[in-house]
4 protein chains.
Amino acid sequence: MGEERKGATGRRGRPRSTDVDRAVTAATIELLAEQGYARLTIEAVAARAGVGRPAVYRRWPTKDDLVVHALVEQVPPLPVPDTGDVLRDLKEMSAGFALRLAGSPLGRTVLAVHAEAGRRPDLAEVLRHHYLNPRDATIRALIERGLAEGHLDPALAPDTIRDLLFGPLIYHWLVTGHLTTATANNLAHAACAAVSRTVTAGPVARTERRMQG
Amino acid sequence: MGEERKGATGRRGRPRSTDVDRAVTAATIELLAEQGYARLTIEAVAARAGVGRPAVYRRWPTKDDLVVHALVEQVPPLPVPDTGDVLRDLKEMSAGFALRLAGSPLGRTVLAVHAEAGRRPDLAEVLRHHYLNPRDATIRALIERGLAEGHLDPALAPDTIRDLLFGPLIYHWLVTGHLTTATANNLAHAACAAVSRTVTAGPVARTERRMQG
Amino acid sequence: MGEERKGATGRRGRPRSTDVDRAVTAATIELLAEQGYARLTIEAVAARAGVGRPAVYRRWPTKDDLVVHALVEQVPPLPVPDTGDVLRDLKEMSAGFALRLAGSPLGRTVLAVHAEAGRRPDLAEVLRHHYLNPRDATIRALIERGLAEGHLDPALAPDTIRDLLFGPLIYHWLVTGHLTTATANNLAHAACAAVSRTVTAGPVARTERRMQG
Amino acid sequence: MGEERKGATGRRGRPRSTDVDRAVTAATIELLAEQGYARLTIEAVAARAGVGRPAVYRRWPTKDDLVVHALVEQVPPLPVPDTGDVLRDLKEMSAGFALRLAGSPLGRTVLAVHAEAGRRPDLAEVLRHHYLNPRDATIRALIERGLAEGHLDPALAPDTIRDLLFGPLIYHWLVTGHLTTATANNLAHAACAAVSRTVTAGPVARTERRMQG
DNA sequence: GTCTAACCGAGACGGTACGTCTCGTCTTGCT
DNA sequence: AGCAAGACGAGACGTACCGTCTCGGTTAGAC
């Protein structure tokens with residue numbers, strides 16, 4: 001079977017084949033996109049990956065573990081735009097994130113997994129650790145910078161800013177079932193306005209900014 | 001089985017027992033709360049309801065139909081606050097809605113159904129028709145009133161206002177897994193500020209901002 | 001599915017299809033003959049019978065139950081020869097029985113089942129009740145007749161006579177792996193001589209017979 | 001692992017550990033006694049022996065080979081009685097053999113292996129060569145002596161005598177599931193009578209018969 | 001005294017079958 | 001015609017073993 005790179009665990013026994021890891025993850029992504037989370041079957045994953053079922057269970061004991069891992073591998077890290085304008089960066093980041101989620105066949109899967117994570121703390125932990133936190137760190141860094149530079153409302157906690165920025169976009173997609181670029185820009189613009197220092201003016205903002213610095 | 005009230009459809013043959021309807025719906029709610037959407041089984045629903053499986057299938061041909069119907073029956077209509085202050089009403093409505101969703105064991109189920117609705121247009125239709133639209137109508141009425149009375153930003157479409165109001169709350173619950181009353185009030189307050197008339201008429205907006213800081 | 005004769009149990013629910021009974025039993029016989037007991041698989045039985053696996057388990061919960069039932073159905077009752085000569089009848093019956101067992105592909109299966117019955121009293125019970133007892137009754141009737149008529153040694157218990165008659169034939173097949181007609185006749189003849197009243201003479205035998213009658 | 005005696009094959013490389021041989025054989029015997037032939041797994045044998053699975057396969061490629069080897073090692077050679085009285089020796093030998101088989105938890109295993117040997121000529125060969133032949137040789141020697149000394153019926157072939165002697169005992173155990181000492185002695189006595197010199201020389205035979213009746 | 005072939009344990013591999021569970025349908029007798 | 005009961009073919013579940021194949025490490029005869 002192909003190149004058959006070995007893991008470097010140093011443990012006893014035959015090491016797990018990284019080929020199998022890759023094939024199973026790829027098959028999971030494919031089938032999630034084709035069939036959706038509810039109709040995903042470990043049997044079908046193993047078959048598509050050309051792998052025995054036990055090889056899948058050995059790695060990820062439940063369907064949720066399998067799916068979370070696949071999502072973590074698959075969904076790329078948020079590219080962090082840096083145009084010099086923090087507000088613009090945030091706007092682009094939030095709209096881009098939501099559009100990518102809404103546009104991907106895996107977007108709905110993220111929802112299903114979140115739903116299951118509500119009853120499985122371990123799963124929630126993995127999801128939070130590998131999926132949410134890395135993305136959140138990127139967002140938070142940008143928000144902190146925005147706050148430091150005085151472009152964001154200092155009365156709002158970073159988490160609140162995050163919710164105000166990303167919430168409307170995700171919610172729109174959730175309840176309407178789609179999200180166009182125009183709508184996304186529209187919502188991102190409005191949300192940005194809600195978290196920025198002031199919508200219109202200069203002087204007052206500058207004064208307060210000096211008080212912070 | 002008890003009283004055995006008959007439906008009044010005027011059809012031939014034995015009419016469907018409304019007892020069965022009720023028992024099945026109740027069993028569905030219970031099991032959704034106990035086991036979650038993914039582990040819900042029509043077999044278990046029928047057993048819990050003390051009913052044959054075909055009697056369930058006769059009414060709701062798929063698990064999703066069954067669940068959507070149960071949700072529609074279960075989740076109570078949004079109470080419409082009317083304090084005379086539209087902004088306050090909206091704030092209370094959004095926070096109350098989100099808190100009830102986050103506090104109910106069925107909250108996560110709504111997510112799972114939304115996830116499935118992404119691939120099943122008929123299900124999305126039912127969900128939209130029986131679940132989302134009635135709630136949306138209430139919200140929209142309030143928003144229209146707020147716009148008419150000049151308390152909401154006229155530059156924003158009603159849908160955008162809805163997303164800005166409800167999105168942050170739902171999003172917070174989605175990514176953190178919980179929603180406290182304090183957080184809800186906080187977010188509802190900030191969101192309300194974002195949709196209230198601030199863009200053109202400066203003073204009012206500035207005043208509220210100062211009260212926050 | 002075909003004629004679909006119903007059981008007459010009078011019970012509630014859908015009655016078990018006798019077609020399935022027949023198909024599974026037939027498939028079991030075939031596969032036992034083709035593959036032997038050890039390689040027999042319930043999965044293969046179900047597939048060959050064109051039946052779901054649970055339909056097999058519903059009837060016979062273990063492989064052994066399935067096989068015992070199939071043997072009981074399959075192996076035909078001993079034909080009772082009645083030539084007027086009891087000794088000749090016994091000779092033919094024992095040789096015929098052993099030859100049929102040794103000549104059938106299912107013969108070895110009987111051994112395997114006996115081996116398992118040693119650890120499963122319930123199985124031994126079924127085997128004894130449905131398989132051994134009916135055959136034993138036939139044999140015993142003949143032996144009793146032989147004793148009554150004075151052709152068999154009255155010093156020997158009926159069971160002992162049975163063991164002396166059938167044992168050598170079965171043992172030969174067991175340790176050598178085959179049994180020719182010549183060998184069978186040979187052994188049956190020798191065994192018959194061992195259990196008959198006297199090998200050669202008349203008068204003494206008659207005298208003792210009068211003492212019994 | 002322990003003393004680690006070396007094989008003297010003259011081969012290169014590390015010789016096979018005789019400790020492993022012993023441990024595996026012992027584990028096989030134990031598990032056969034505990035679980036029976038059908039439930040014996042190579043995995044369990046290896047685990048019980050504290051050995052890797054490949055070490056078992058290296059020695060005995062199939063379960064049957066493993067079991068036959070274990071039986072050969074385990075079941076002790078027939079003790080050959082020599083009281084001067086050949087008939088008595090044969091009687092004791094056959095009864096002792098059957099009683100030991102029926103009394104051992106491995107007795108049923110011999111049946112199961114015989115059943116499998118019916119479809120596997122190579123296995124039958126091993127079984128015959130290592131298990132049956134050595135025992136048969138002992139028996140045959142005694143029979144030949146009995147014939148030579150005129151105590152056995154010269155009209156009967158040695159094989160026939162063997163079948164007449166051992167068959168009834170084994171058959172009784174086979175169909176009834178047990179064998180008491182009394183029954184064994186009884187059957188051995190009757191069988192011995194059947195093979196002793198009775199056909200031609202009348203008086204001796206008649207005398208013994210009278211002693212029975 | 002290396003070298004090196006064959007062993008050792010551990011354990012993953014692709015498989016097969018297990019026995020169970022649930023699916024959605026169908027077939028009973030009863031209401 | 002609806003009802004409960006329950007069997008039906010189908011098929012996925014998660015587990016147990018199969019027989020094979022690496023692994024990192026011995027072990028001991030051959031060089």
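A note on names: the letters A, B, ... follow the listed sequences, proteins ahead of strands, and every chain is numbered from 1.
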task = Return yes if some donor-acceptor pair links the side-chain N/O of D:His114 with the main-chain N/O of D:Val110 below 3.5 Å, else return no.
result = yes
request  = Measure from CG on B:Leu31 to P on E:dT22 and round the result to the nearest Å.
outcome  = 11 Å
ask   = For the base of F:dC8, is there a side-chain donor-acceptor partner from C:Arg14 under 3.5 Å away?
value = no
task = Check the distance between E:dC18's P and C:Asp64's CG and give it to me in whole angstrom.
result = 12 Å
ask   = Given that A:Arg58 and B:Gly52 both sit by DNA chain F, which one's nearest nucleotide is further toward the 5' end?
value = B:Gly52
ask   = So what does C:Arg59 touch, heavy atoms closer than 4.0 Å: a base, only the sugar-phosphate, or nothing?
value = sugar-phosphate
ask   = Mapping B:Thr62 and A:Ala55 to their closest nucleotides on DNA chain E, which lands nearer the 5' end?
value = A:Ala55
query = Does anything in residues 50-69 of chain A pair up under ring pair (Phe, Tyr, Trp, His ring centres under 6.0 Å), and if so which pairs, sequence neighbours excluded?
reply = A:Trp60-A:His69
query = Do NZ/NE/NH1/NH2 and the carboxylate oxygens of C:Arg120 and C:Asp64 come within less than 4.0 Å?
reply = yes
message = Regarding F:dG6, can its base be found pairing with the side chain of B:Arg53 as donor and acceptor, where the two atoms are less than 3.5 Å apart?
response = no
inquiry  = Whether the A:Asp65 and A:Thr62 side chains hold a donor-acceptor pair (N or O, under 3.5 Å, no angle test) is what I'd like checked.
reply    = yes
Show every donor-acceptor pair shorter than 3.5 Å between a side-chain atom in residues 39-47 of chain B and any protein atom, with sequence neighbours excluded, or say none if there are none.
none

query = Can you tell me how far C1' of F:dT27 sits from CG of D:Asp19, to the nearest Å?
reply = 13 Å
query = A:Tyr57 side chain: which of F:dC8, F:dG14, E:dC13 is closest?
reply = F:dG14
request  = Rounded to the nearest angstrom, tell me the gap between atom CZ in B:Arg39 and atom P in F:dC13.
outcome  = 14 Å
request  = For DNA chain F, determine which residues of residues 40-48 of chain A have any heavy atom closer than 4.0 angstrom to one of its atoms, and list them numerically.
outcome  = A:Thr41, A:Ile42, A:Glu43
ask   = In whole angstroms, how far is the P atom of E:dT20 from the CH2 atom of C:Trp60?
value = 16 Å
ask   = Heavy atoms under 4.0 Å, any strand shown: does A:Pro61 hit a base, just sugar-phosphate, or nothing?
value = nothing
request  = Report yes or no: does B:Arg108 contribute a side-chain atom to a donor-acceptor pair with the main-chain N or O of B:Gly36 at less than 3.5 Å?
outcome  = no
ask   = Nearest-Å distance, CG (C:Leu66) to P (E:dA17)?
value = 15 Å
task = Look at C:Arg119 together with D:Glu34 and state whether they make a salt bridge at an N to O cut-off of under 4.0 Å.
result = no
